[in-house]
Amino acid sequence: MARRHQLQWAALLAIAVVLPTVSLLWFMSQVIANERLVVGQKLAALYQDKLADASARTTARFTARLGALEPNVSGTNPYPLLRQLVRQDQARGVVVWDAAGTVWYPQAAAVAGQDAPPGSALAEAARLEFSAGQPAQAAARYAEIAATSPAAQTVLQAQLGRSRCLAQSGQFHEAVAECARAAFASRPPNSDSSGALRWQLTVENARLLLLSLLDRAPAPADPALRERTLAALQADLFNASPDQPPLPANHNLFLAQKVLAARHATPAPPASTQRVQELEKLAAAEALSLAAAETISPQAGPSDVYFPTMVDNQSLIGLRHQARSRTVLVLLDEPALLPVLDGYREAFAKSEVACRILNPAGGLVTGLAQPKGRPFLTAALPAGFPDWQVELYFAGGDVFELAARRQIAVYIWTGVLVILLIFIAGAFAVRAVGRQIRLNQMKNDFIATVSHELKTPLASMRVLVDTLLEGRVRDEAQAQEYLRLTVKENERLSRMIDNFLTFSRMERDKVAFTLLAARPGAIASDAVAAVKTKFAAHHCVLTVAVAENLPDLTADHDAIVTVLVNLLDNACKYTTDHKQIRLEVLARERWVVFAISDNGIGLARRHHRKIFERFYQVDNSLARRAEGCGLGLSIVKFIVDAHHGRIVVESAPGAGSTFTVFLPVAGGEPRV
Ligand code: ADP
């Protein structure tokens with residue numbers, strides 16, 4: 001039964017400790033998860049504004065960029081636009097369509113009218129030159145036309161033809177001189193735009209011929225003339241001047257490639273290096289533009305939006321912008337887009353946050369190359385931009401994680417503390433319950449012991465009285481003896497009941513001591529008288545030594561007698577053969593000392609304190625135990641404490657024991 005109760009208690013305690021602990025741990029894990037979320041949301045809200053600012057800056061740049069294109073898109077010459085885009089590294093190429101959807105730039109136009117009209121003098125000269133293979137006659141014919149023709153364009157073409165023929169006949173010097181005249185001829189005024197273009201192309205042809213003549217001419221070549229020719233050619237390329245019509249893109253690109261080849265053939269003067277580089281860029285842009293114009297339609301991609309496109313096997317970004325009268329397609333690569341995205345860099349420049357922009361493939365476009373941790377915020381680029389992502393990081397590592405971690409540490413420590421408290425409370429409960437269980441057990445034992453202890457003297461008295469009543473005695477002396485024995489048993493019974501009653505009163509705090517002047521000698525002799533019969537029966541040799549002139553005590557006489565009787569009783573009980581017991585009463589300083597020593601079984605050190613606890617017995621097996629139920633010493637201690645005294649035990653197994661009681665002399669201690 002008791003065991004079942006114990007188990008129930010243990011289970012209850014386990015639940016009382018484990019259940020709150022598990023709940024607390026679960027609660028903590030929820031709080032921690034929540035904390036991360038909350039910190040993340042707080043920071044995200046904080047930087048959402050900055051991100052919006054960056055997005056607005058970027059959109060503003062994007063719009064400004066498109067707006068800056070406007071004046072050059074609506075003009076008559078496409079080259080200012082191309083130059084603007086290339087100079088600012090804004091584009092790899094550009095295509096412009098007019099309102100009807102026809103390509104306005106780059107036009108691959110054939111310019112009519114460079115050939116001589118059939119039946120004309122020029123046509124006759126050309127026949128001599130090309131079909132008849134008579135360069136000398138052709139040269140003379142060309143010279144005649146040049147000298148007589150009123151039309152400047154015809155004179156120019158004749159000079160060019162004469163120069164070709166002279167070169168064929170081996171007259172390089174004359175050929176160069178004639179060609180130089182054509183190459184640097186000044187344009188006649190009042191020519192219409194197609195006439196001007198025709199003139200321009202003829203002059204450029206003359207310059208190309210002059211260059212090849214100079215390169216083929218036997219020494220001495222004229223480097224100054226070559227440089228002058230190249231410079232003149234170069235100046236007319238990608239021509240953005242308003243008083244000269246732009247060359248069609250295919251012609252322009254052809255000439256540009258020739259100039260670049262010539263420039264690469266001989267080292268260019270350092271002053272012109274930059275111009276050559278610019279020319280290279282322009283030529284590359286024009287080549288790409290020509291390729292794009294062939295494959296891309298004016299409807300390609302959504303308007304005013306960057307979109308991915310392929311030109312010439314290159315993956316590029318297209319930006320189709322609907323300008324006032326024309327549609328522009330700007331072709332660019334990722335680096336060309338970076339200046340527009342600088343809005344993001346600027347927005348986060350002076351903050352602890354770094355941003356990076358990634359393309360859909362996860363490749364870094366710009367920003368932080370090696371971020372630490374994970375981004376705390378991601379967003380798409382603003383409208384108009386490709387499908388890229390912007391990510392925000394804390395420059396000094398994951399501040400969000402740090403903040404969350406700090407808070408989490410507080411939670412964890414609080415949790416640990418609470419769990420610790422639960423365990424401590426649990427431990428106290430276990431102790432208290434354990435003590436209660438032990439007490440119950442002791443009480444049960446006590447009842448068993450009391451019954452057992454009471455039964456023995458009662459049974460012997462019953463036998464003695466029965467014998468007397470039945471008259472089964474030999475003589476008067478035997479009857480006397482039986483009566484004495486009955487009295488002894490009765491005394492033993494009374495003492496035992498006294499002890500039980502004292503204990504019961506002690507337990508209920510009902511003991512009241514009558515403190516009066518008491519003489520130690522009288523106390524000792526009363527105690528000795530009380531145990532005399534018993535000692536005699538057990539053959540105990542008791543030596544009593546009471547010092548003379550002992551001071552009085554302020555004590556309850558009977559209570560102190562009980563103390564000594566209990567100690568003497570124990571000394572007799574726990575001694576085997578040749579029982580030698582000594583009671584000594586003496587005065588020491590402010591104390592009266594009662595020392596009871598025996599030559600008995602003694603006590604191990606670990607029991608010295610415990611024997612004063614209620615119901616504690618060193619060996620509590622009913623069979624082996626001497627009479628008693630573990631209350632005697634607890635009563636002794638209770639009485640001694642109530643008199644402000646002390647009790648000390650000196651003992652070792654097999655070496656006997658000495659119990660010494662110190663009681664303060666009258667007036668030595670304040671009384672309660
Ligand atoms: P009990 O009724 O068992 O004697 P007590 O409270 O008087 O109870 O004593 C408690 C225990 O202390 C005893 O059970 C015994 O084991 C031990 N004890 C007491 N006095 C002595 C002694 N003089 N010598 C050895 N053991 C003693």
Side-chain angles (χ1 to χ4, degrees), residues 62-114 191-201 204 236-256 281-312 314 316-333 336 340 384:
F62 175 54
T63 319
R65 221 184 203 203
L66 290 179
L69 295 181
E70 208 73 47
N72 286 333
V73 169
S74 47
T76 50
N77 184 342
Y79 286 121
L81 174 66
L82 189 71
R83 279 179 178 278
Q84 176 193 18
L85 290 171
V86 169
R87 189 169 304 136
Q88 295 168 10
D89 273 334
Q90 281 188 28
R92 297 273 309 277
V94 63
V95 181
V96 184
W97 293 273
D98 61 19
T102 336
V103 175
W104 176 66
Y105 176 81
Q107 276 177 31
V111 179
Q114 281 197 66
S191 50
D192 63 2
S193 77
S194 81
L197 185 60
R198 218 166 42 234
W199 171 273
Q200 186 67 34
L201 281 171
E204 307 303 358
D236 287 345
L237 292 174
F238 300 98
N239 175 29
S241 82
D243 47 84
Q244 217 174 339
L247 292 171
N250 53 344
H251 288 272
N252 185 70
L253 180 62
F254 172 76
L255 290 173
K281 275 194 198 170
L282 285 165
E286 186 146 68
L288 193 89
S289 304
L290 278 163
E294 278 175 19
T295 52
I296 298 182
S297 80
Q299 284 80 33
S303 184
D304 288 358
V305 166
Y306 289 107
F307 61 95
T309 184
M310 289 287 287
V311 179
D312 244 4
Q314 297 180 54
L316 294 169
I317 300 160
L319 169 62
R320 192 176 80 99
H321 171 56
Q322 190 58 56
R324 236 170 294 130
S325 56
R326 292 181 176 130
T327 306
V328 187
L329 176 75
V330 180
L331 294 163
L332 33 80
D333 47 18
V340 188

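For the numbers below, each heavy atom of this structure counts, side chains included, while hydrogens, waters and symmetry mates do not.
Closest approach of Leu82 and Ala285 over heavy atoms only: CD1-CB, 4.1 Å. Of all the heavy atoms in Pro71 and Ser74, the pair that sits closest is O-OG, 3.3 Å. Summarising the geometry of Leu253 relative to Ala287, their closest heavy-atom pair is CD2-CA, 3.8 Å, with the distance given to 0.1 Å. Contact between Ala249 and Leu290 at its shortest, heavy atoms only, is CB-CD2, 4.2 Å. Nearest approach of Ala256 to Phe238, heavy atoms of both residues: CB-CE1, 4.1 Å.
Exactly one of Leu69, Leu81, Asn72 qualifies for a side-chain contact (heavy atoms from CB on, under 4.5 Å) with Val96. That residue is Leu81.
Contact annotation: the side chain of Leu332 never approaches that of Gln90 to less than 4.5 Å [non-hydrogen atoms, C-beta and beyond]. Using a 4.5 Å cut-off on side-chain heavy atoms (C-beta onward), Glu204 and Asp236 make contact. In this structure the side chain of Val330 never reaches within 4.5 angstrom of the side chain of Val95, judged on heavy atoms. Counting heavy atoms from C-beta on, the side chains of Arg92 and Leu85 never come closer than 4.5 Å. Between Arg87 and Lys281 the shortest side-chain heavy-atom distance does not fall below 4.5 Å. Under the 4.5 Å side-chain criterion, counting only non-hydrogen atoms from C-beta, Leu331 is not in contact with Val94. Within the 4.5 Å cutoff, the side chain of Leu66 has heavy atoms near those of the Leu319 side chain. Two residues are said to be in side-chain contact when any heavy atoms from C-beta on lie closer than 4.5 Å; Pro246 and Pro78 meet this criterion.
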Would you check, one step at a time, whether the test side-chain contact (heavy atoms from CB on, under 4.5 Å) holds for Leu247 with Gln200? CA-CA 8 Å; Leu247 292 171; Gln200 186 67 34; 3.8 Å; yes
Might you work through the side-chain contact (heavy atoms from CB on, under 4.5 Å) test for Gln314 and Leu288, ending with a clear yes or no? CA-CA 10 Å; Gln314 297 180 54; Leu288 193 89; 3.5 Å; yes
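Atoms CZ and CG, on Arg83 and Leu282 in that order, are 5.5 Å from each other to the nearest 0.5 Å. Remark: His321 NE2 to Thr327 OG1 distance equals 9.5 Å, nearest 0.5 Å. Note that the OG1 atom of Thr309 and the CD1 atom of Ile317 stand 10.5 Å from one another [nearest 0.5 Å]. Here the CZ atom belonging to Arg326 is positioned 11.0 Å from the CD atom belonging to Glu70, to the nearest 0.5 angstrom. One finds the CD atom of Glu286 at 4.5 Å from the CG atom of Asn252 (value rounded to the nearest 0.5 Å).
Residues meeting the side-chain hydrogen bond (donor to acceptor under 3.5 Å, both in side chains) test with Glu294, sequence neighbours left out: none.
No donor-acceptor contact under 3.5 angstrom links the side chains of Arg320 and Gln299, judged on distance only.
Taking the six-membered ring for Trp and thresholds of 30 and 60 degrees, Tyr105 and Tyr79 have ring planes more than 60 degrees apart, a perpendicular arrangement.
Among residues at least two apart or in separate chains, side chain to side chain donor-acceptor pair (under 3.5 Å) pairs with a member in residues 94-104 are Asp98-Thr102.
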